[in-house]
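Contents: one structure, followed by commentary.
Here is the naming used below: chain letters follow the sequence lines, and residue numbers restart at 1 for every chain.
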Amino acid sequence: METRRQGLTLITALCLLIGVVLIIQLWLVAAALDALLSGETGVLVPSALVSLALFLLDAGLLWYVLTFDERIRRSSPDE
Amino acid sequence: MDKPAAPRWRRDFPIGWENDQYVSRRELAKFLTLGSALLVGANALIALVGRFRRRGAEPALAIAGAASLSPGQSLLFRYPTDEDPCILVRMPDGRFVAYSQVCTHLSCAVVHRPESESLFCPCHLGAFSCAEGLPTAGPPTRRLPRIRVQARNGELWAVGVEA
């Protein structure tokens, strides 16, 4: 049975993972802006698509966190 | 040894640190994912601006004095707007090439060096080849944007920019 203690460890790990993905997305935005200003427009759409894929990964991880949270609440409503 | 009893204030106002951290980190995960969505939006906006810019029509502009250039000489002009300095070079074989005069390293103005057939950036000793605009020395890593030129009725016209 899942507990809040397990949940805390899991959510901390997932927060770190989401944070790393976010930093990659920040780098992508900076690189895309640099490419736009230097006129290299060919890389802009792939950059946006990769950023979207990373967001979907983030959203998937968040969904996992929320479903885990729901399971905890259902199994021990007093916690 | 028995654990000492908690002080009365703690018994009256118990704090579940584990629960508190659990909730705050769950909220942090939501906040980070929202940030991720905003960054996707920013990236998509940049891609849209890039697409819109590429479709814009480039004006044609006559380059005054180009016809009188001898091989090995150069001429400064502005294209596509008055804010964009460019340099026209007549190569030893007689053909014309033109580039943006803005160095791709840190935006200093490049100057023509006919003896080495290069465009030299005096700020950080960068150099580009006159024939292709490719970086040949120093810190620049990207080529100079090339200005397309066309001869029309004995005059030389700038007709577009190739990034």
Side-chain angles (χ1 to χ4, degrees), chain A residues 3-66 68-70 72 78-79, chain B residues 14 16-56 58 79-80 84 86 99-100 102-107 133 135 140-148 160-163:
Chain A
T3 63
R4 281 216 159 177
R5 184 180 289 272
Q6 286 176 320
L8 182 61
T9 309
L10 178 78
I11 289 177
T12 304
L14 291 185
C15 271
L16 281 173
L17 203 57
I18 293 174
V20 169
V21 170
L22 199 71
I23 289 169
I24 297 171
Q25 283 186 300
L26 263 174
W27 177 82
L28 273 175
V29 168
L33 197 58
D34 189 41
L36 174 72
L37 294 177
S38 63
E40 292 169 24
T41 50
V43 300
L44 298 181
V45 172
S47 162
L49 290 177
V50 170
S51 188
L52 179 66
L54 290 174
F55 164 68
L56 292 176
L57 175 66
D58 270 358
L61 291 173
L62 179 67
W63 176 80
Y64 184 72
V65 166
L66 295 180
F68 187 90
D69 185 48
E70 204 177 302
I72 286 179
D78 54 323
E79 271 192 9
Chain B
W17 285 115
E18 208 165 82
N19 286 346
D20 187 58
Q21 286 172 349
Y22 176 88
V23 172
S24 62
R25 284 178 202 179
R26 188 186 62 199
E27 294 307 305
L28 177 66
K30 286 182 189 173
F31 181 74
L32 290 177
T33 308
L34 177 67
S36 175
L38 290 176
L39 287 175
V40 171
N43 230 323
L45 189 68
I46 290 171
L48 276 177
V49 169
R51 192 163 270 263
F52 176 73
R53 265 194 181 181
R54 203 168 37 178
R55 284 178 182 171
E58 289 165 326
Y79 182 82
D84 305 303
C86 300
Y99 302 98
S100 164
V102 180
C103 178
T104 53
H105 175 225
L106 286 178
S107 302
T141 55
R142 285 179 282 124
R143 57 177 295 165
L144 287 172
R146 181 194 277 266
I147 311 296
R148 285 196 304 272
V161 182
E162 288 173 15

Would you confirm whether [X], through its side chain, and [Y], through its main-chain N or O, come within 3.5 Å as a donor-acceptor pair?
X	Y	result
Glu162(B)	Arg146(B)	no
Tyr99(B)	Gly133(B)	yes
Thr33(B)	Ala29(B)	yes

Between [options], which has the largest tally of heavy atom pairs under 4.5 Å with chain A?
options	value
Ser36(B), Gly35(B), Gly41(B)	Ser36(B)
Ile46(B), Val102(B), Val23(B), Val161(B)	Ile46(B)
Ala42(B), Ala44(B), Pro145(B), Ala37(B)	Ala37(B)

- Query: Could you walk me through whether Asn43(B) and Ser47(A) pass the side-chain hydrogen bond (donor to acceptor under 3.5 Å, both in side chains) check?
  - Reply: CA-CA 7 Å; Asn43(B) 230 323; Ser47(A) 162; 3.0 Å; yes
- Item | Per-residue contact mode, Arg142(B) against chain A (heavy atom under 4.5 angstrom) | side chain
- Message: Can you pull out every side-chain hydrogen bond (donor to acceptor under 3.5 Å, both in side chains) where at least one residue sits in residues 13-24 of chain A? Sequence neighbours excluded, please.
- Response: none
Quick check on [X] against chain B: is it the side chain, the backbone, both or neither that has a heavy atom closer than 4.5 Å?
X	result
Leu14(A)	neither
Leu17(A)	neither
Val65(A)	side chain

- Item | Pair listing, salt bridge (charged side-chain N to carboxylate O under 4.0 Å, His left out) test, anchored in residues 29-48 of chain B, at least two apart | Glu27(B)-Lys30(B)
